[in-house]
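Shown next, in structure tokens, is the structure this report addresses.
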Amino acid sequence: RPKLSRPELLCQLKDKVEVATLTPDLQPFSSLPWAAQLPLKPLTSDLGPYKSCAVVSSAGSLRYSGLGKEIDSHDAVLRFNAAPTAGYEKDVGSKTTIRLINSQVMASDEHRFLSSSLYSSGVLVAWDPAPFSADLTQWYNRTDYPIFVQYQRYRRLHPLQPFYILHPRFEWQVWQRIQDNMAEPIQKNPPSSGFLGTVLMMSLCEVVHVYEFLPSRRKTELCHYYQRFYDAACTLGAYHPLLYEKNLVKRMNQGSDRDIYTNGRVTLPGFSKLNC
Ligand code: NCC
């Protein structure tokens, strides 16, 4: 199979992936009393379009990057899971427009999801590793973590904060793009929050800058910029097909290799800017 060119890869991603979120009309939710807590409309009709967006990975290599001002200069900023800004503004900025969280963060005591102020600003978007079928009823009956119980609790405490749940079809559509563009079979686990968030922002923004997803010259085994914990698997992947995601992002990058090396910055076009 011939390797796709950059424009072909970008158009394939645009054509074959839809950023879908749960709405109250979908089965099995439509027959459940709490379905009314779900946003009426999908995320993509409520948010954006934005001109410029920043996706801030949680990588340790953001430490001492001094990228904070540059990151905050974007119209929208996406952050992940428990990644804080307080105390790290110089390196990661302070604006949070959207926070993408996995269901483990919502469920584990350690993250105090229901009570910590970390989660209460901006728009929340949650996802849970669903069965490959992406069948909503199957998933509902056997989620990886109790995403729906926690969602309902959070909504009761913060009824005004926008909070979306990604449709599992989205995670597996993104996974399929990775697999179809790799020569080897990859593990059947969903893509990392980092890559899911990147594709999400490509559907909302005209241009997307992704920071320290492809590591810069600051590359380190420090897992997160906000924690003293070292593990190379955070950058290279274990459960998630992270190395393959990074390979694909490298192939789609419209910026220079120098930009990656010095700033850890990748430049991707928004889907609306592609002529496919
Ligand atoms: O670590 P995590 O991701 O929260 O990081 C967010 C995204 O940043 C990119 N990243 C991170 C660290 C690093 N050194 N290099 C990177 O490129 C990745 O794209 C990553 O997705 C997740 O994807 O949701 C993940 O979540 C953590 C964990 O659940 C949360 O941080 C909450 O504690 C996972 N860790 C564990 O399960 C132990 C991680 O595998 C993936």
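Values in this document were obtained by computation on a predicted structure and should not be read as measured data. In each ligand, atom 1 is the first atom listed, and ligand 1 is the first ligand listed. No hydrogens, no waters, no symmetry mates; every other heavy atom, side chains included, goes into these values.
- Side-chain atoms of Ile98 and Met201, non-hydrogen and from C-beta on, do get closer than 4.5 Å to each other.
- Using cut-offs of 30° and 60° for the angle between ring planes, the Trp34 and Tyr140 rings count as parallel.
- Between Leu200 and Trp127, every side-chain heavy-atom pair lies at or beyond the 4.5 Å cut-off.
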N/O pairs closer than 3.5 Å, ligand 1 and protein:
residue: ligand 1; atom: 1 (O); partner: His224; partner atom: NE2; Å: 2.6
residue: ligand 1; atom: 4 (O); partner: Asn81; partner atom: ND2; Å: 2.7
residue: ligand 1; atom: 8 (O); partner: Ser58; partner atom: N; Å: 3.4
residue: ligand 1; atom: 14 (N); partner: Cys223; partner atom: O; Å: 3.0
residue: ligand 1; atom: 14 (N); partner: Thr235; partner atom: OG1; Å: 3.0
residue: ligand 1; atom: 15 (N); partner: Cys234; partner atom: O; Å: 3.3
residue: ligand 1; atom: 17 (O); partner: Lys246; partner atom: NZ; Å: 2.8
residue: ligand 1; atom: 19 (O); partner: Ser192; partner atom: OG; Å: 3.0
residue: ligand 1; atom: 19 (O); partner: Gly194; partner atom: N; Å: 3.4
residue: ligand 1; atom: 21 (O); partner: Ser192; partner atom: OG; Å: 3.3
residue: ligand 1; atom: 21 (O); partner: Ser193; partner atom: N; Å: 3.3
residue: ligand 1; atom: 21 (O); partner: Gly194; partner atom: N; Å: 2.9
residue: ligand 1; atom: 23 (O); partner: Ser193; partner atom: N; Å: 2.9
residue: ligand 1; atom: 23 (O); partner: Ser193; partner atom: OG; Å: 3.3
residue: ligand 1; atom: 24 (O); partner: Asn81; partner atom: ND2; Å: 3.0
residue: ligand 1; atom: 24 (O); partner: Asn102; partner atom: ND2; Å: 2.7
residue: ligand 1; atom: 24 (O); partner: Ser193; partner atom: OG; Å: 2.6
residue: ligand 1; atom: 26 (O); partner: Asn81; partner atom: ND2; Å: 3.2
residue: ligand 1; atom: 26 (O); partner: Asn102; partner atom: ND2; Å: 3.2
residue: ligand 1; atom: 29 (O); partner: Asn102; partner atom: ND2; Å: 3.0
residue: ligand 1; atom: 29 (O); partner: Gln104; partner atom: OE1; Å: 2.5
residue: ligand 1; atom: 33 (O); partner: His111; partner atom: NE2; Å: 3.0
residue: ligand 1; atom: 37 (O); partner: Gln104; partner atom: OE1; Å: 3.1

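- Rounded to the nearest 0.5 Å, atoms OG (Ser120) and OH (Tyr154) are 5.5 Å apart.
- In the model, Glu89 has no side-chain atom that pairs as donor or acceptor with a side-chain atom of Ser94 under 3.5 Å.
- Here the side chain of Gln104 pairs no donor or acceptor atom with the backbone of Ser108 at under 3.5 angstrom.
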